[in-house]
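So you know, we letter chains A, B, ... as the sequences are listed, proteins then strands, and number each from 1.
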Amino acid sequence: MSILSFAGTRLLYAIPVLLGVTVIVFMALQLVPGDIALTLLGRMATQEQLVALRQELGLDRSLVVQYLGWLASLLQGDIGHSISQQLPVTQILMPKIGNSLILMAGSLFFVLTFGFILSVLSAPRFRQLTDKLVVGLTLVLASLPVFWLGIVLLYFFGFKWKLFPISGMYNMVNPGGFGQLLHHMILPAIATASSSIAVVTRVTRSRMIDVLGQPYILAARARGLSRHKIVLRHAVRNTLPTFANIGGLQIGYLFGSVIFTEIIFNWPGVGLLLFDAILQRDVPVIQGCVLIVALVFVLGNLMSDVIVHALDPKQR
Amino acid sequence: MEMRLLAYRMTSRKRAGFGTAAATALALVLGGVATAPAFAAENTIVFAVESDFSRLDPHASRTWNTFKVLRHIFESFVEEDLTKGPDVAPEIVPALAEKWDVSQDGKSYTFHLRKDVKFHDGTPWNAEAAKFNLDRMTKKDFEFHQKLSPGLMGWMWQDLDNYEVVDEYTFKINLKQPNSEFLRRLTSGGSGAPRMISPTAVKTFGNDAIEQHPVGTGPFKFAERVVGEKLVIARNDDYWDPARKPKVDQIVLRGIPEVATRELALVSGEVDVIGTPSPDSLEFLKAQGVEILSGKSPMFYLMWINMKDPHFKDVRVRKAMCMAINRDDMAKYQRKGLATPAYGVLNPEGPGYDPAYKDCEYDPEGAKKLLAEAGYPDGFETRMDWTFGAGADVNTKGDAEWLQRDFEKVGIKASIEMFDNNTFWDMMSNGMREGTGLTSASWGDSTFAWLDQVVPTTALPPNCCNSGYYDNAKLDQLLAEARGAASKEGMDAKLHEVRDVIAGDMAFTSYYTASSVYAVRPDVKGFVLSPRHWFDLTTISKQ
Amino acid sequence: MNAQKNLIDVRGVSKTFTVKSGTFFRKAAASTKAVNNVSLTIRKGEILGCVGGSGSGKSTLGRMIMRLIEPDDGAILFDGTDLRTLSPEAMRQYRKRLQIVFQDPLQSLNPRRTVAENIARPLMNFGTSPAVANRRVDELLELVGLDPRQSYRYPHEYSGGQCQRIAIARALALEPEFLFLDEPVSALDVSIQAQILNLLSELQKKLDLTFLFVSHDLKIVKQFCDRTVVMYRGCMLETGTSEEVYRDPKHPFTRDFLGTVLHVRKDSRWEQAAERAEDLESATRQSEAGCIYAGTCADRFQRCREAAPALTEIEGARHVACHLYSQPKQ
Amino acid sequence: MTAVSETIAPAKPMPQRRTNLYFVWCGVLGDPVARVAAAIIILLVLMAIFAPWIAPFPPNEANPALRLMPPGTEGHLLGLDNQGRDILSRIIHGSQLTLISGILPVILGAAISIPLGLIGAWYPRLGEVIMRVMDVLFAFPMALLAIMLAALMGPGLVNMMIALVITLVPYNTRVVYAAARQERELAYVEASRAMATPDLKILFVEMLPNVVAASIVYSCTIVGAVVITAAGLSFLGLGVQPPIAEWGIMTSEGRSFVFVAPHIAAIPGLAITLLVMAFNLLGDSLRDSLDPKTRLTLVKHRPGPGGG
Amino acid sequence: MENAGQPVLKVRNLRTGFATPAGTVVAVDNVSFDLHRNDVLAIIGESGSGKTVTALSLIKLISTPPGRYLGGSIEVEGTDILQLDEAAMESVRGRQIGMIFQNPRASLDPSFTIEFQLIETLMHHDPSLTRAAALDVATRSLQEVGFPDTARVLASYPHQLSGGMCQRIGLAMVLACDPKLLIADEPTTALDVGVQAKILLLLKKRSRETGLPIIIITHDMGVVRAIATRVLVMYGGHVQEEGEVDDVLSSPRHPYTQALIRSIPDPDQAIEEISFIKGEPPNLLSPPKGCRFAPRCDRAVALCHATVPEWRGIGEGRMVRCHLAETGAAQ
């Protein structure tokens, strides 16, 4: 299957998954104790508004009908209105998702770079000192709660040594510039990336160890190829699909971590918005955040699937 | 940042397909991060407050923090002069009205409007504009009536009879009964604000979108808002009063709820001024070269009691609760002395305040006894709804836990549930939830307008904020009499009556009064506190 | 041939495996005719050998007889009853009479159950009480030459040969009439192979069993089986007594196949066969219509490419599916 | 000489029955790091059980005069928090909920996932449906799904647990499903069918013990992550509510005092890290000792490459 | 057959062990043999006999740890490769010693085309080679192993080819580098008989035509008979017997060899006549004290259980490790 047709089919498969996502997000609303209309409009809603919304949602009708109505407006880009801000959720969410994606891109960069380097360093030295150090490092990284690591990084690098700014994604007074963004991004990106670095390294490393134990590696060694070539060419090439796959999965985990780092570093992204929305019991915003993140996650996974597919010679 | 604005505009069209928006956002992420700054940064103050802002529609907005911004964009007929410092009671000065006449019976106010004042969008200020605004706030069948306004601003217009346009620059308001606080209340805000918004803007954007385009007459104009991130106001170069023309180009206001983050942002120079540093951090901040400003404030912490709750129906239980609180230690340790114990419903800096008054004494043993008498020898369980706080609040969660411990000592086991400030007030409007026995928030004001929102039966749910269902019509009467009192003494006396009735029922109890504290970087000059929840930012500057 | 003595009668069974692709819009990506219209009979008390290379469908055929794989069509008569028509419960009862021994002995035993539990499982399935089952396990272990006192051990504590004995004991637990032996010795070392074959042979005589013995090793089949069936790519090409098939292969495939067998005695026949040996996995079938072996066959002629030869009887019990023999002999 | 007449003993008499527990035991005892991890966990569990007796103070007893005092303050080894509560006592008491909120959802999740995965693997159509539903749940990042559920249901320990269980089910189900699918292909399952073992018996008697190992290994490796997620939910205010001592909420509260009293946030954070690290280490060790591919190396020689 | 001149490979007392939690297992114990030009040496043994470890030891591909070379020497044309470091070994492997493996498809990297892998190997050993020249060599090499259509094969990935084709490609890859010695580790075990014959014939031809010495590891006596000139029987990590193929197969001297040959199915015999070796192969973690085969040997005497027999010559080119070899009791 060509890459394009594969991507096309995967996109088709993503549709039922996304539909399922909407069902879950919709059904989650049923978890909210109390009156849904009140939940959606907020306690300041007037009686007329409540009645109108109840009518619109068809709260007296079956869940299916309600869902279809909800889905229909969703497809038109209407995730609802924020209770706390009285703005369309999309309008609040869009700039935030951009900001989060910037932070995620930075984290993903760290994840992929460190994951790759650490794996290549450790796997060929299986059970040697370098390998043990890398395994130890990933263990520590995997065990650090992101919210705590964020505080620690902030305390030392932001406060004690004043190496990095501690809040926001740009200077409020004099915003702009890629360098400034990078400077703001490094600490939160590292905090966000930490556990994912561990996951990616562990999976990639063990896959690479697997690959290095494959007969074709033994055969390549028997043919006299240098260790260097074997690791950097054959082992890396055969580990790449796993690497791309686990790397793609990190998009989801990073979203999980980003919520915490954004709160700690005051990064104006989806996480911070979600946090505020939780405190505000702003259900439409929570739903919107979750929907968008799921969408990005599904698309990200799709992308990594396509990459994995492209890397698989069996598909040629 | 350019991209943010772009995305903002792009999505402000209602129901813009969010697929396209997402795609564009992605494209921007990939390509647009390096865009140059969108506005000049000379002489900008970054001001961090305790929470993000509510709506920028003065007739529908809430929270002190929002009002701190709104009072600089929108103006009223009269204003308070807040430039004299925290120890001076502010004078009422002319604003959109050059002068005013009060009728003999104290029921009619005739405002002579200032000429040549224009809203930021060029709309002229005149009596029609004033009428438009009053219609919007009070007239239910008016096309642009702000539905939230009556609920929010009962304290302002409860005595309103009617109003009329006398001529282009004369506007007359008639009250049903005299109100000695009327002018003072015109300068207030927080739960709505009786301030003037551009009729053209309201007509253009409609009630829903106006808060994204707030247009007033004030010394600052709205520049930009990114929800959850920042709110930027810029100097209005055409401001009518040259003396109050802001010294800075713009002020960036940020809501940073986390006090440590706020403090660190100040220390690292990312912001210039912060509200309410933690009392515990003051030494640390001073050591970092930061200046601490503090002063009197009308703010005190008040506790609502759910009169519908089976446990608290009994006045002895309510009394016991009052007696369980160790106010002295709380002020001393929790607030490090930046607070004084408070009793009763009258706040410092407000009318009728008596520092010597006490509605109960700290007496845990007595409280236990009272509880036993009420049938709870082993105490009971209840819940407290709390808010993370807003303007000038710090560590309210800590307060909640303190109270939780004090109550537990007498047998009242209370769980705590925390809410965002805006959400909290939404809930308060609808009354305390079933199962919630206690709730608390900071309030108190320079007028007793706030008592008008908290105590009378007209404020019973779903109208804010008699959230504990304290149903005592006698107080409606007393409050009206207090408003209508001819003299300060008369008003104080009436207010004492109010206080004593409430203390008798123990429907509310307060626990401490906090000073207002701000921390500013040394290069910030001219920031003056006032004995109010808000201040005047026209004098602030940076060197 | 007396039909009454046929324990198993397979009539025209076929099985096509289809690899499907896609999750929602399933379409057949590739299909393989694993077994193509095969008919055979196994007489009571007989050992029928089934020999062929990988992918010849010999294991699939055996599994269809066991009804572990459902045939696409055809009938499988066991003692006169078509197993395919049986209800699940009736089939369950029939399972007592047909059992199987697998190629990989360790894998065919549940690794987390002791040897005794493994062997007792079929008995328990038919309601035998644990005490009775336990005694029976001991008997069975004795029967296959293992120490019953060690029956609390786990399979992986035994060697491959011992595991195969355990598997045989388990297969015999229900006193079946028929055993399908799916390459029972090919995973074992040479020195153990002989042990197991010997054991099987003894048991067959002692318990009056009927075997279907599948293998890729013609030498073993020749030695072990009464009759031999030769399969290639799902088709039956030749049958006959093992002696006949080995001594005088009729089908060109059988001849070639036999030719490549290596012998311990000095014999260089394989070199000639090797020159022509096809790479089984890669050889492409010449045409859909013709003989399945036509692509590689040295004796092929025009007809081989046009029509598939039917299995025809020659010389008494021998059958060959080859056009060389489909006409009356000259 | 015939085979029938001769009785052969196993290749080498083994002293013990090798149950899973035996391998676990060997794996943990054989690995000094795992020993330390197990010791930490046991210690923490004991600490949680005996908290009221070990802790020098009740968890909520406050001494306001000593608020924010650093570690080493007399009588308060780890210092005091912003309420003037003894941090050591709160750490000790907090271990209870921290452990419970990490372990209980994993156990409950496994209890749901194992039958789901097994049945799904056995009946392909049903399995397809189950796994498509799981795919949908997979479309949510783990932490996010938990946050959404907990946020919508309202804060609280029980709701948090429910949210975590729902979040964990798809992961564990996929693990069980994959393991069961593999297991299904093994000859012993086919043998079970040939022996007329009823489907459910094959699933829950024959396959379950083999598949459960995969789930247990997965569960152990996930406990650490769940502890972090649960603490994170409490950190966000969605889980355990004040004044209950729990390490996540303690970290969260300490955050406000990070400049004046960094120990308040640092100590519970360190405790979480230590606990999670112990679980991760133990999980790794368990994986080795329960994985049929590697378990034998722990007790028995594996022939060299190729096995020749 | 003349074995004149220096042996290409001289192995003396090779010992290879593996560290396990239960102690070191000596998988290959005191193995010695010579390999001359024109020789095809078959090393035969059951699983666990140490034959594959021997093969991997010869090219130093035992992973260390857990593996360890415990002693002995492996001289390739006079150089002891056990003394060489990894870098030096890289030029020995492929250029001096070629090796093909048991699982042909898995021995090719699934992610690269055949062309890439062939050329990579060639250019690695001769950096002066241009791509075009390397392609030329590769093409010829493929033709030699019987691919008429090399273009299609070169462009293929391993998964597109059958096991037999992959083994031929593996062979082509090794032979293209023109090694002095070829080790084939069970090269046909995973293949069908027809394909097996084809591969064996290729090896045999190459040996006949160029005199390339080959070591073939197998467990199949048929394979030994088909292509080997000499045979080395291993059991329990020990070499038990060595000699010319005809001699060993027709008159085995070691009881194990004898039993092994007898247990091979003989189509001419009835099933009841099969004789077999009772018992099980030894566990190398706790090997028998004396002769490794003693526990299964019909003729074992007390001495056999007590001490390991020596590896000694018993006539022209015959070596055996049995206490009874000379007393004739072995027959």
* Structure fact -> Between E/E46 and C/D189, the two heavy atoms sitting closest are OE1-CB, 3.2 Å
* To do: Counting only heavy atoms closer than 4.5 Å, note whether E/L249 contacts chain C via side chain, backbone, both or neither.
  => side chain
* Quick check: does any side chain N or O of E/D192 sit under 3.5 Å from a backbone N or O of C/S54, one acting as donor and the other as acceptor? -> yes
* Asked: Under a 4.5 Å cut-off applied to non-hydrogen side-chain atoms, are E/K204 and C/E271 in contact?
  -> yes
* Separation of C/I192 CD1 from E/K278 NZ (nearest 0.5 Å) -> 12.5 Å
* Asked: What's the spacing between E/I264 CD1 and C/H263 NE2 if we round to 0.5 Å?
  -> 12.0 Å
* With respect to chain C, which residue among E/S263, E/G146, E/S250 yields the maximal number of heavy-atom pairs within a distance under 4.5 Å? -> E/S263
* Rounded to the nearest 0.5 Å, how far apart are CH2 of C/W270 and CZ of E/R225? -> 12.5 Å
* Crowding at CZ, E/R152 (>12 non-hydrogen neighbours, <6.0 Å) -> no
* **Exercise: identify the closest heavy-atom pair between E/G279 and C/Q195** => O-NE2, 3.2 Å
* Cut-off 3.5 Å, side chains only: do E/Q196 and C/T260 have a donor facing an acceptor? -> no
* Asked: What option among E/D220, E/I199, E/V224, E/L200 has the most heavy-atom pairs under 4.5 Å with chain C?
  -> E/L200
* Which atoms form the tightest heavy-atom contact between E/A226 and C/L262, and what is the distance? -> CB-CD2, 3.9 Å
